[in-house]
Peer 1: 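My questions will all concern the structure given below.
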Amino acid sequence: MNKTTSLIGRCLLLAAVAAMVAPGTTGAASPEAGNKGRRPNIVILLGDDLGFSDMGCFGSEIKTPNLDSLAKAGVRCTQFYTSASCSPTRSMLLSGTDTHLNGMGNMNEMTAPNQRGVAGYEGYLNNRVATLPQLLKDSGYHTYMAGKWHMGKQPDQIPAARGFERDFALLDGAGSYWDMLNFSANTPKSTFTEDGRYLKSLPKDYYATKTYTDKLIGYIESNRGDGKPFFAYVAHQAPHDPYHLPREWRNRHVGEYDKGWDAVRKERLQRQIEMGLVPKETELAERMWFLPDSTTLAPAPRAVMGRKMELYAGLVENMDYHIGRLIDYLKKIGEYDNTIFIVFGDNGAEGTDLFAQIVGSAGSANFLYAAIGWSQTDFNAWGDPHSYVGYGPMWAQVSMTPFSQYKGNLAEGGIRNGLIVSGPIVKRAKGSINSAGYMHVADIMPTLLEVAGASYPKTVNGQEPPPLIGKSWVKTLAGEEESPRSGQDHMAWEIFGNRAVRQGDWKLRWQYKPYGTEEWELFNLATDLAERHDLAAQHPEKVKALLALWDDYVRANHVVLPSRVIWEQQAKRLPDRYPVVDGFPPLVYQKMYIPPADMMADPKP
């Protein structure tokens, strides 16, 4: 080999090395070239109580340009299901197994007397399951977590013990965005971990959404030179109440929601129809029977109620901004094109007054603690530390447009969520919508194991683990099939004593009063997304067939229906339930009669 040939060879080698170590500096094509043949990174972006219609790409007026950009680069899925509450959803996400087997048969905060001590109802992610981060870690991935955990607080239950290499985690189900303040006298401070150690205090200038993003970016940066892919679980606290947000984010929608919840729901539905997210004949779910028609309210209360939604919208937009920071960082380091993004909310929007449930009645220790610790009740202080604002059932229904009900219930509004998937796994047309795929949060585990080339273990801690209940999305996302499930496959749920099963377009639902009838109700979701029309009487054979599937589910997953439920006494506290019909009763809406002007006269003497 002559010197000229040798020099050319060295130059080519150096150019190749430079392209690998600094892919972001040589133009748009270099990240693609540098990532070719590598396993993809994975980012799960979870919104806490984020509603189906709260992202712009799902019909919202709330501005979410960064989430929308992921939708434009990937696919939106409109038939994606979770549990009706947060920790059960998270347990299925990270284990791929049914809640009644993985330890979250009920939320720890709601465990019934007859469920205590029963396997599958431990109230934390139990040691019989394998976790997604552990399996990905064993397969050569870095595993990072930032955000809310809510699946156990003991040393063997925290993120570091369940497969996360790095973590910054809120172990509680909720809390202040500004500090460690929690809600009750029994739990005055929230518990946090960082890299497997319990924190004595929080970082300077802590704000939940910002800090979670800062930490996650730092974790990726610390190892990005080693060539290993990463799995990042970003479990945002936002937009769960209390609605805490910086002042500059509070006034982006001033007066916009004074028009009322019914008007905003109608506008969102119209946008969903125009986008092709729902059929053009879709009806809105009935307004909850105990809520007023907002047009009948005086201006002042409408403004106060509207302010709560303004804060919620700002909280969602702030979360989107910080998600954008993560996206921009990944683009900067040349990893964006090789990253799978999965975005969704963990359950339906929160319509219950959680704070009132926790603090109880006047005279209790919890009530006194809340009165002192959460004392910033002035309208102008909403969003500050020590304030507590939630938006209530009226706006929760807006967040879940067009569906019925919200978090905690097994109507579609409690369990159906908007899903975005983007990245190299998606081969469908960019910005497309999949409305045919029946998808479930438990599907994420088998999907990502397939992507990573990992397998589900035959034993965990010396015993056989529960079976995976999900179906891989790989072929569906590649456009090779429309759904990971056939019309014969079924999904089933039980939470807080409520129960449901879906097969194909048919859904059978049983709920406690007052939100249900305490009878099995049957709906055809192909023609009735809003679950307005109970068809149980017309199709007894379908009820029987779905009940058989429900019974199979109970046996296979050792379901123990609770002896006490959160719905007790609610029927007595709420008005009797009657159908809501626009304009009824006319007495409320009738305006003063104004006679013809030419027939007006002064009184005679």
Side-chain angles (χ1 to χ4, degrees), residues 45-64 67-68 70-71 76-86 89 148 174 209 235-243 245 253 256-257 260-272 275 277-278 282 284-288 291 305-306 308-320 323 343-354 389-420 441 515 529-531:
L45 296 166
L46 188 63
D48 197 352
D49 295 351
L50 183 71
F52 179 89
S53 71
D54 280 336
M55 293 182 278
C57 55
F58 277 86
S60 183
E61 71 293 334
I62 298 173
K63 297 173 179 62
T64 55
L67 291 168
D68 295 352
L70 295 178
R76 284 165 287 171
C77 303
T78 65
Q79 297 210 62
F80 170 70
Y81 287 92
T82 62
S83 177
S85 197
C86 43
T89 289
K148 172 177 153 180
T209 315
H236 279 295
Q237 190 174 339
H240 195 295
D241 52 346
Y243 301 157
L245 65 167
H253 293 268
E256 185 172 341
Y257 296 108
W261 35 89
D262 288 332
V264 179
R265 274 210 303 161
K266 290 174 183 177
E267 290 170 357
R268 287 196 181 187
L269 175 59
Q270 185 57 40
R271 283 191 291 269
Q272 290 173 337
M275 290 178 174
L277 292 163
V278 297
T282 299
L284 276 176
E286 186 178 289
R287 184 176 70 247
M288 302 298 281
L291 296 176
M305 299 304 294
K308 295 182 178 183
M309 186 63 192
E310 291 170 21
L311 294 175
Y312 179 84
L315 196 57
V316 173
E317 292 181 354
N318 178 266
M319 179 180 72
D320 179 81
I323 288 171
V343 183
F344 60 98
D346 62 344
N347 41 244
E350 178 63 88
T352 303
D353 190 340
L354 179 64
V389 180
Y391 64 2
M394 59 290 293
W395 296 116
Q397 275 207 285
V398 170
S399 288
M400 295 314 299
T401 303
F403 304 122
S404 176
Q405 303 181 16
Y406 39 74
K407 178 180 176 180
N409 300 291
L410 292 181
E412 294 293 281
I415 55 177
R416 195 188 283 210
N417 283 269
L419 171 70
I420 301 170
V441 66
Y515 296 96
L529 283 178
E531 294 171 291

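This is a predicted model, so every value here is computed, not measured.
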Peer 1: Run the side-chain contact (heavy atoms from CB on, under 4.5 Å) check on Arg265 and Arg287 step by step: do they pass?
Peer 2: CA-CA 10 Å; Arg265 274 210 303 161; Arg287 184 176 70 247; 3.8 Å; yes
Peer 1: For Thr282, enumerate each residue passing the side chain to side chain donor-acceptor pair (under 3.5 Å) test, keeping only those at least two apart in sequence or located in another chain.
Peer 2: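 Thr282 satisfies side chain to side chain donor-acceptor pair (under 3.5 Å) with no other residue.
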Peer 1: If you round to the nearest 0.5 Å, how far is CG of Asp49 from OG of Ser399?
Peer 2: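 CG of Asp49 is found 9.5 Å from OG of Ser399.
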Peer 1: Kindly compute the distance separating OH (Tyr312) from CD (Glu317), expressed to the nearest 0.5 Å.
Peer 2: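 It comes to 11.5 Å.
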Peer 1: A side-chain contact here means heavy atoms from C-beta on lying under 4.5 Å apart; do Leu70 and Leu45 qualify?
Peer 2: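 Side chain of Leu70 against side chain of Leu45, heavy atoms only: contact under 4.5 Å found.
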Peer 1: Before giving the answer on side-chain contact (heavy atoms from CB on, under 4.5 Å), spell out for His236 and Ile323 the whole-Å C-alpha distance, their side-chain angles and the decisive distance to 0.1 Å.
Peer 2: CA-CA 10 Å; His236 279 295; Ile323 288 171; 4.0 Å; yes
Peer 1: Enter the distance from Met305:CE to Tyr391:OH here, rounded to the nearest 0.5 Å.
Peer 2: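 Met305 CE to Tyr391 OH: 11.5 Å, rounded to 0.5 Å.
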Peer 1: Asn347 and Ser85: which non-hydrogen atoms are nearest, and at how many Å?
Peer 2: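 Scanning both residues, the minimum pair turns out to be OD1-C, 3.1 Å.
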Peer 1: Would you say the side chain of Met319 lies within less than 4.5 Å of the side chain of Gln237, judging by non-hydrogen atoms?
Peer 2: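 Sidechains of Met319 and Gln237: no contact.
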Peer 1: List for me each residue that meets salt bridge (charged side-chain N to carboxylate O under 4.0 Å, His left out) alongside Arg268, sequence neighbours excluded, and say none if there are none.
Peer 2: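 For Arg268, the residues satisfying salt bridge (charged side-chain N to carboxylate O under 4.0 Å, His left out) (neighbours in sequence not counted) are Asp54, Glu61.
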Peer 1: Partners of Tyr406 by ring-ring contact (aromatic ring centres under 6.0 Å, His included), sequence neighbours excluded?
Peer 2: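 If we apply the ring-ring contact (aromatic ring centres under 6.0 Å, His included) test to Tyr406, skipping adjacent residues, there are no hits.
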Peer 1: Considering non-hydrogen atoms only, spot the tightest contact between Thr64 and Cys57 and give its length.
Peer 2: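 So the two residues come closest at OG1-N, 4.5 Å.
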Peer 1: Any heavy-atom pair between the side chains of Val343 and Leu419 that's under 4.5 Å?
Peer 2: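 The answer is no, as the side chains (C-beta and beyond) never meet within the 4.5 Å cut-off.
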Peer 1: Do Ser83 and Ile415 have side-chain heavy atoms sitting under 4.5 Å apart?
Peer 2: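 Side-chain contact under 4.5 Å: no.
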Peer 1: Excluding sequence neighbours, so at least two apart, what forms side-chain contact (heavy atoms from CB on, under 4.5 Å) with Ser404?
Peer 2: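 Residues passing side-chain contact (heavy atoms from CB on, under 4.5 Å) with Ser404: Ala285, Ala411, Glu531.
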Peer 1: Checking Gln79 now: which residues fulfil side chain to side chain donor-acceptor pair (under 3.5 Å) with it, not counting sequence neighbours?
Peer 2: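 Here the qualifying residues are Arg502.
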Peer 1: Calculate, to the nearest 0.5 Å, the distance between atoms OG1 and CG belonging to Thr78 and Leu277 respectively.
Peer 2: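 Thr78 atom OG1 to Leu277 atom CG measures 7.0 Å (nearest 0.5 Å).
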Peer 1: Holding to ring-ring contact (aromatic ring centres under 6.0 Å, His included), I want the full list of residues that pass it with Phe52, two or more places apart in sequence or in another chain.
Peer 2: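 With sequence neighbours excluded, Phe52 shows a ring-ring contact (aromatic ring centres under 6.0 Å, His included) to Phe58, Phe403, given in chain and number order.
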Peer 1: Determine whether Lys63 and Asp320 make a side-chain contact, defined as any pair of heavy atoms from C-beta on separated by less than 4.5 Å.
Peer 2: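 Answer no - side chains too far apart.
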Peer 1: Between Val264 and Trp395, is a side-chain contact (heavy atoms from CB on, under 4.5 Å) present by the stated rule, with each step listed?
Peer 2: CA-CA 9 Å; Val264 179; Trp395 296 116; 4.1 Å; yes
Peer 1: Checking Gln405 now: which residues fulfil side chain to side chain donor-acceptor pair (under 3.5 Å) with it, not counting sequence neighbours?
Peer 2: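 Partners of Gln405 by the side chain to side chain donor-acceptor pair (under 3.5 Å) criterion, ordered by chain and then number, come out as Gln511.
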Peer 1: Give me the atom names and distance for the closest heavy-atom approach of Glu412 to Leu529.
Peer 2: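 Smallest interatomic distance, heavy atoms only, reads CG-O, 4.0 Å.
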Peer 1: How long is the gap from CG on Leu245 to OG1 on Thr209, to the nearest 0.5 Å?
Peer 2: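 The distance works out to 9.0 Å.
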Peer 1: Kindly write out the residues that satisfy side chain to side chain donor-acceptor pair (under 3.5 Å) with Thr82, not counting sequence neighbours, or none if the list is empty.
Peer 2: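 Side chain to side chain donor-acceptor pair (under 3.5 Å) list for Thr82, sorted by chain: Asn417.
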Peer 1: Report the residues that fulfil salt bridge (charged side-chain N to carboxylate O under 4.0 Å, His left out) with Glu286, sequence neighbours left out, ordered by chain and then residue number.
Peer 2: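 Here no residue qualifies.
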Peer 1: Looking only at heavy atoms, which two atoms of Arg76 and Met275 are closest? And how far apart?
Peer 2: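 Closest approach of Arg76 to Met275: NH1-SD, 4.2 Å.
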Peer 1: Which heavy-atom pair separates Ser53 from Val398 by the least distance, and what is that distance?
Peer 2: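 Looking at all heavy atoms of both residues, the closest pair is OG-O, 2.9 Å.
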Peer 1: Can you list the residues that meet the salt bridge (charged side-chain N to carboxylate O under 4.0 Å, His left out) rule with Glu350, with sequence neighbours excluded?
Peer 2: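 Lys407.
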Peer 1: Would you give the length of the straight line joining atom CG of Asp346 to atom CG of Asp48, rounded to the nearest 0.5 angstrom?
Peer 2: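 One gets 4.5 Å once the value is rounded to the nearest 0.5 Å.
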Peer 1: Would you name the heavy atoms of His253 and Ala313 that are closest together and state the gap between them?
Peer 2: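 Shortest heavy-atom separation between His253 and Ala313 comes out as CD2-CB, 3.7 Å.
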Peer 1: Would you call Met55 and Val316 a side-chain contact if the rule is heavy atoms closer than 4.5 Å?
Peer 2: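 No; the side chains remain at least 4.5 Å from each other.
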Peer 1: In the structure I gave you, are the side-chain heavy atoms of Ser60 and Arg271 within less than 4.5 Å of one another anywhere?
Peer 2: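 Not touching, per the 4.5 Å side-chain cut-off.
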Peer 1: Just do the side-chain contact (heavy atoms from CB on, under 4.5 Å) check on Phe344 and Leu50 with the steps written out, would you?
Peer 2: CA-CA 8 Å; Phe344 60 98; Leu50 183 71; over 6 Å; no
Peer 1: Hey, are the side chains of Pro242 and Val389 touching, using non-hydrogen atoms and a 4.5 Å cut-off?
Peer 2: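 Not in contact.
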